[in-house]
Amino acid sequence: MEAQAGNEGVSQVVLEAVNIDFSYDNGYKVFENINIEADSGKFVAIIGPSGIGKSTLLRILGGFLKPDRGEVRLMGRVLHEPTPEVALIHQSIVTFPWMTAEENVMLSMKTKNMDREKMEEKAREALARVGLEGFEDLYPKEMSGGMRQRVAIARAFAADPYIFLMDEPFAHLDELTAEGLRQDIYNILFSGETPLKSVIMVSHNLTEVLELADVIYILNNIPATVVGRVDVNMPRPRNPRNDDFNANLDMLYSYLTPPRKRE
Ligand code: ADP
C-alpha cells in the first residue's frame with residue numbers, strides 16, 4: 001500500500017519551484033528554468049553531478065536564497081522568506097554540545113509563544129517519534145552520530161513543518177546506522193501523525209535514493225535544469241539486490257553524465 005500523508009487520497013502540491021533562474025552574486029548562473037513539485041504523501045529526491053546546484057536549490061526552496069526569476073510556492077502561497085513550515089536539515093549534524101537532547105529540540109519552538117512546560121512536552125514527543133525516548137537528558141558527546149542526527153530530525157519535527165528539505169542527511173553516518181535510520185525515517189515521515197506532508201531529499205547515493213523516493217528529479221548541465229523526472233513505482237520495502245532495483249539504478253546512472261555547458 002502506498003503511504004499517504006495529510007489529506008487521505010487527495011494529492012496536493014505542498015511545495016513547488018516554478019520557472020526558477022538563479023545566479024550567485026559573482027555572476028555564476030546556477031539554474032535556468034527549474035520546475036519541481038513535491039506533492040503530499042510523496043518522498044521526492046533530487047540528484048545530479050557534484051557542484052550542479054542541489055544544495056543551492058534546497059536553499060531556494062527553503063526561502064533562504066531569492067531566485068532571479070520564478071517563484072517558490074508553499075501550499076499555493078508564494079514563499080518570500082524562511083518559515084518554520086519548511087524545515088531544512090543540513091548534512092552536517094547540527095546539535096549544540098552544551099545542551100541536552102531535549103534542549104536542542106526545544107530550540108525550534110523558541111519563536112512560538114509557548115510556555116516551557118508545553119515546549120518540554122512537545123520536545124519529548126518529537127524525541128520519542130525518532131526513537132529517543134529515555135535519552136532526553138543526554139548531551140551530544142554522549143550520543144552516537146546516528147543519535148545526534150535523530151535529535152536534529154526531532155528538532156525539525158517539533159516545529160510542525162509541512163515539508164522537510166534534507167541535504168544528504170545520511171552522508172556522515174556509517175552504512176549500518178544510515179540503513180536503520182533511513183527505514184525509520186520513511187516510516188516516521190509518513191505515519192500521518194504529524195502535519196508533515198512531503199520530503200525533498202538531496203543525495204548522491206543512488207541506492208539510497210531508489211530505496212526511499214517516489215519521485216526523482218535529475219539536474220544536469222550548466223546552467224542546470226531538470227533533465228529527467230522519474231516516478232519510482234517499485235513496492236516497498238525495496239530490495240537493492242532485486243533485478244528491478246538494479247535496472248532502475250542503471251537508468252539513473254545513465255543520466256549522470258558530466259555536465260555540458262549550454263549555449
Ligand atoms: P551541489 O550541492 O550540487 O554539489 P552546490 O549547490 O553546492 O552544488 O553549488 C552549485 C554551484 O554554485 C557550484 O559550482 C558552486 O561552486 C557554486 N556556489 C555555491 N555557493 C556559492 C556562492 N556562495 N557563491 C558563488 N558560487 C557558489
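Note that ligands are numbered from 1 as they come in the structure, with each ligand's atoms numbered from 1 the same way.
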* Close approach of Gly48 to ligand 1, heavy atoms, under 4.0 angstrom -> no
* Asked: Considering only the protein, which heavy-atom contact is closest to atom 4 (O) of ligand 1, and what is its distance?
  -> Gly51 N, 2.8 Å
* To do: Name the option, out of Phe31, Phe22, Tyr24, that contains the heavy atom nearest to atom 18 (N) of ligand 1.
  => Tyr24
* When you look for heavy atoms under 4.0 Å from ligand 1, do you find them on the side chain of Leu219, its backbone, both, or neither? -> neither
* Asked: Ion pair present between Asp214 and Lys42, side-chain N to carboxylate O less than 4.0 angstrom?
  -> no
* Asked: Under 4.5 Å between any side-chain heavy atoms of Thr95 and Arg155, yes or no?
  -> yes
* Asked: How about atom 15 (C) of ligand 1: does it have a protein heavy atom within less than 4.0 Å?
  -> no
* Donor + acceptor pair across side chains of Thr56, Tyr24 (<3.5 Å) -> yes
* Identify the protein heavy atom lying closest to atom 8 (O) of ligand 1, giving its residue, its atom name and the separation to 0.1 Å. => Gly53 N, 3.1 Å
* Which residue owns the protein heavy atom closest to atom 7 (O) of ligand 1, what's the atom, and how far is it? -> Ser55 CB, 3.9 Å
* Looking only at distance, does Lys54 have an N or O less than 3.5 Å from an N or O of ligand 1? -> yes
* Asked: What do the steps show when you test Arg238 against Leu212 for side-chain contact (heavy atoms from CB on, under 4.5 Å), and what is the final call?
  -> CA-CA 8 Å; Arg238 296 172 181 164; Leu212 289 170; 5.9 Å; no
* Would you sort out whether Glu32 and Thr225 count as a side chain to side chain donor-acceptor pair (under 3.5 Å), showing the intermediate values? => CA-CA 6 Å; Glu32 191 166 284; Thr225 192; over 6 Å; no
* Asked: In terms of atom number and element, which parts of ligand 1 are under 4.0 angstrom from non-hydrogen atoms of Asn26?
  -> 25 (C), 26 (N)
* Should the heavy atoms of other residues, nucleotides or ligands under 6.0 Å from CD of Glu179 be counted, would the total exceed 12? -> yes
* Asked: Any salt bridge between Arg73 and Glu16, counting N to O under 4.0 Å?
  -> yes
* To do: For Thr56, take its heavy atoms, then give the atoms of ligand 1 lying under 4.0 Å from any of them.
  => 5 (P), 6 (O), 9 (O), 10 (C)
* Short N/O distance, under 3.5 Å, between Val30 and ligand 1? -> no
* **Basic-acidic side-chain contact under 4.0 Å: Asp184, Arg150** => yes
